[in-house]
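Each remark here refers to the structure printed beneath this line.
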Amino acid sequence: MKISELLTVDTINLNLQGNGKDDVIKSLAQKLYDAGKVDDLDAFVKDVWARENEVSTAVGNGIAIPHAKSSHVKNAAIAFGRALPGIEYGDDNCQLFFLIAAGEHASNEHLKALSKLSGFLMDDIFRANLILARTPQDVEKLIADKEKADATDTAKPQSINTNSGQSIVGITACTAGIAHTYMAAQALTDAGTKLHIPVKIETQGSSGTENELTSEEIKNATGVVIAADRTIDLSRFDGKHVLQTSTKEGINEPEKLVQSAPQSDIYHGNGNHNAKAKSSGKGQAKSIGFGIYKHLMNGVSFMLPFVVAGGILMAISFMFGTQSSNPDSSQYNSFAAFLNMVGSKAAFGLMVPIFAGYVAYSIADRPGLAPGAIGGMLAYTGGSGFLGGVVAGFVAGYIVVALKKILSKLPSSLQGLNPVLLYPVIGTFFTATIIHYLINTPVGSFNKALTAWLQHMSGANAVLIGFILAALLVSDMGGPLNKITYAFGIQMLTAGVYAPMAAIMCGGMIPPIALGLATTFFKNKFTAQERETGKVAYVLGACFITEGVIPFAGADPLRVIPGNIIGAGVGGALSMLFGITLQAPHGGIFVIPIAINHPLLYILCILAGAIVECLIVGLTKKTISATDEKTVKAVEKENENEVASIF
């Protein structure tokens with residue numbers, strides 16, 4: 001499969017226009033949809049944003065490569081957009097945009113072709129020719145010529161000269177495994193050529209492991225570069241100088257990484273460095289607070305599927321009656337009882353252990369998983385619940401880190417016992433002891449008191465709590481406060497207190513719906529593109545995807561963010577005031593009929609908050625005059641004329 005078969009004239013736009021990342025993604029996705037490559041435009045855009053929210057796909061050099069594997073892709077394809085004046089893409093200003101669409105079960109052949117494009121874009125001359133291309137046909141020819149020139153090099157297996165005084169090996173891997181993986185690999189390889197240092201990079205992408213490193217190459221390497229956005233098994237690099245960083249840094253600063261790798265810390269088996277892993281550039285300045293947040297988010301990301309699966313199955317069981325799982329009730333239904341058992345016992349029972357295990361895994365790598373998960377189970381069964389699980393994850397992780405330093409002094413003949421015996425046994429013992437004797441009793445008592453207070457809360461207290469929870473959830477649109485608030489709702493859900501989660505979901509649905517209403521009823525306050533974005537915001541809000549408000553908040557934060565907080569707070573306060581409960585942790589409109597005790601009243605709460613925010617934003621925003629719009633178009637026309645004069 002060739003790139004020229006995936007990128008065609010009808011998916012190329014050499015005059016891409018827009019005001020930000022959202023415009024770029026929608027415009028290029030529309031190209032693919034119009035060309036018959038995608039069967040559901042909105043769903044595909046949602047999948048692209050899901051990938052984008054993990055790590056920005058701006059890769060430097062004025063390039064952005066949004067991409068996704070999606071079940072809504074009929075045929076693998078690429079859309080190319082060029083904006084010569086540049087478009088702000090997150091924190092980067094980019095001119096070249098490639099939207100890569102791969103099917104959910106895309107073949108290796110497709111994925112290899114897509115990865116090849118990523119490598120091409122590291123060629124300065126190739127990028128310059130894309131900037132100078134006058135027609136879509138010129139772009140097609142550039143790619144065809146590049147493929148032809150590259151064919152000979154591709155046939156030659158990459159290897160490194162082990163007789164050289166220096167050699168670097170490494171691994172690149174991004175979350176989707178399509179673009180960043182191969183661009184970082186190409187950049188590092190090119191940097192080695194420029195520095196006259198042999199470099200071989202193994203890629204772990206969507207099509208599997210390619211260019212795999214041999215044990216001989218690893219043995220002879222003077223340094224290892226791991227440029228990855230996900231966890232990589234480093235056991236092969238025991239005793240080597242290992243530098244860990246991101247794919248973005250691998251793309252932007254490859255020469256620095258190649259030169260720094262031999263001076264990096266020595267890696268000791270099973271994830272232990274003799275000192276904190278060295279990085280370079282921005283990565284070196286990460287704070288302790290960011291590290292704690294990263295560990296928590298690692299636990300949350302692995303926990304959420306258990307929460308959502310369990311919560312939705314429990315909600316379905318309530319369709320048979322609120323007492324359908326109670327054998328002593330006249331509503332009892334065996335199938336409903338089965339669903340409730342799967343959700344409340346199996347899925348929710350694993351939630352805290354999984355969370356704690358993967359917090360510890362993030363801190364101490366694989367040896368932290370078992371002590372963390374076992375500590376989490378003790379917290380769950382011992383009454384300290386989710387809060388105890390948080391403590392268990394961090395305690396287990398740092399205990400194992402300490403064990404690695406202590407046990408690294410054992411004779412080499414005994415080092416093999418560390419991962420299979422000493423780390424899990426000693427780590428579990430100390431973690432379990434701390435959780436059982438020091439954490440469960442006080443935290444469990446706190447949980448019981450908090451649960452009892454929330455269960456009997458009413459009036460002004462309920463209104464205040466509802467306002468605070470909903471406002472915190474939307475205050476940073478997916479950031480730390482959002483995650484902490486959502487975790488609190490889950491904690492209350494597992495304790496049988498369902499009102500806080502109702503307030504939280506109500507608050508999360510309001511901002512996108514409110515901005516959709518504002519673009520509908522205050523059209524003169526928004527650009528044409530923002531009005532189009534508002535249509536999508538309705539759908540995202542209804543699905544409890546708060547991130548649908550991000551494009552508006554980015555364009556006008558001083559008006560939109562306060563509106564988010566007030567509107568969501570109003571909805572959350574009303575939800576608590578009316579005693580509305582939600583027995584599922586997610587789902588938006590899809591769970592309102594089956595998991596909400598007062599569905600119509602709940603919808604009114606959402607609409608009330610949305611109307612409040614709509615009025616705040618609509619009445620405070622400045623009207624966009626016809627003169628302003630003409631000025632924008634005139635500037636764009638002037639830029640086009642300047643570019644045309646170059647040719």
Side-chain angles (χ1 to χ4, degrees), residues 171 213 215 218-219 221 224 226 228 230-244 264-278 288 291-292 294-299 301-303 349-382 384 388-440 443:
I171 296 174
L213 300 173
S215 57
I218 295 172
K219 178 182 177 181
V224 180
I226 306 296
R230 58 181 178 83
T231 302
I232 299 295
D233 181 3
L234 301 180
S235 57
R236 290 181 288 170
F237 306 112
D238 185 28
K240 307 300 294 186
H241 292 278
V242 178
L243 189 157
Q244 297 189 67
S264 295
D265 296 326
I266 295 177
Y267 175 84
H268 293 296
N270 303 298
N272 183 30
H273 278 71
N274 61 357
K276 188 175 180 180
K278 286 185 180 178
I288 294 174
I292 292 173
K294 183 186 73 173
H295 302 322
L296 285 171
M297 290 307 100
N298 193 64
S301 66
F302 282 97
M303 174 190 74
L350 286 169
M351 178 187 74
V352 175
I354 289 293
F355 170 81
Y358 279 98
V359 168
Y361 180 92
S362 178
I363 296 169
D365 212 335
R366 191 176 300 173
L369 182 59
I374 294 169
M377 180 58 78
L378 284 174
Y380 178 74
T381 57
S384 59
V390 172
V391 177
F394 281 98
V395 166
Y398 289 115
I399 283 176
V400 172
V401 168
L403 285 174
K404 287 179 178 180
K405 293 181 179 179
I406 295 169
L407 298 177
S408 65
K409 300 176 182 178
L410 287 175
S412 57
S413 59
L414 298 178
Q415 288 290 332
L417 294 176
N418 286 343
V420 296
L421 178 63
L422 300 181
Y423 293 155
V425 173
I426 299 175
T428 297
F429 171 76
F430 282 109
T431 302
T433 300
I434 291 171
I435 297 302
H436 181 72
Y437 288 105
L438 300 179
I439 301 300
N440 276 347
V443 176

Would you check, one step at a time, whether the test side-chain contact (heavy atoms from CB on, under 4.5 Å) holds for Val425 with Phe429? CA-CA 6 Å; Val425 173; Phe429 171 76; 5.6 Å; no
Side chains of Asn440 and Ser384: does their closest heavy-atom pair fall under 4.5 Å? yes
Between Pro424 and Pro419, the two heavy atoms sitting closest are CD-O, 3.5 Å
Return the minimal non-hydrogen interatomic distance between Gly397 and Ala360, and the atom names on each side. N-CB, 3.7 Å
Taking the side chain as every heavy atom from C-beta outward, state whether Ile363 and Val401 have any pair of such atoms under 4.5 Å apart. yes
Do Arg236 and Val224 come close enough that some side-chain heavy atom pair is under 4.5 Å? no
What do the steps show when you test Leu410 against Asn418 for side-chain contact (heavy atoms from CB on, under 4.5 Å), and what is the final call? CA-CA 9 Å; Leu410 287 175; Asn418 286 343; 3.7 Å; yes
Note: Ala356 and Ala392 closest approach over all heavy atoms is CB-CB, 4.2 Å
Interatomic distance, Leu407 atom CG to Leu421 atom CG [nearest 0.5 angstrom]: 10.0 Å
Can you check whether Thr431 reaches Ile374 side chain to side chain, under 4.5 Å on heavy atoms? no
Heavy-atom nearest pair, Gly349 first then Met377, reads O-CE, 3.9 Å
Beyond-backbone contact of Ile171 with Phe237, side-chain heavy atoms, under 4.5 angstrom: yes
Pairwise distance NZ(Lys240) to OG(Ser264) - rounded to 0.5 angstrom: 12.5 Å
Should Ile226 and Leu234 count as side-chain neighbours, where that means a heavy-atom distance under 4.5 Å? yes
Enter the distance from Ser362:OG to Phe394:CZ here, rounded to the nearest 0.5 Å. 8.0 Å
Would you say the side chain of Pro371 lies within less than 4.5 Å of the side chain of Val400, judging by non-hydrogen atoms? yes
So how far is it from Tyr423 OH to Arg366 CZ, rounded to the nearest 0.5 Å? 13.5 Å
Counterpart residues, ring pair (Phe, Tyr, Trp, His ring centres under 6.0 Å), relative to Tyr358 (two or more places apart): Phe302, Tyr361
One should read off an interatomic distance between Gln244 CD and Asp265 CG, to the nearest 0.5 angstrom, of 10.0 Å
Separation between CG (Leu378) and CD1 (Ile434), nearest 0.5 Å, reads 12.0 Å
Considering only heavy atoms from C-beta outward, does the side chain of Val390 approach that of Phe355 to under 4.5 Å? yes
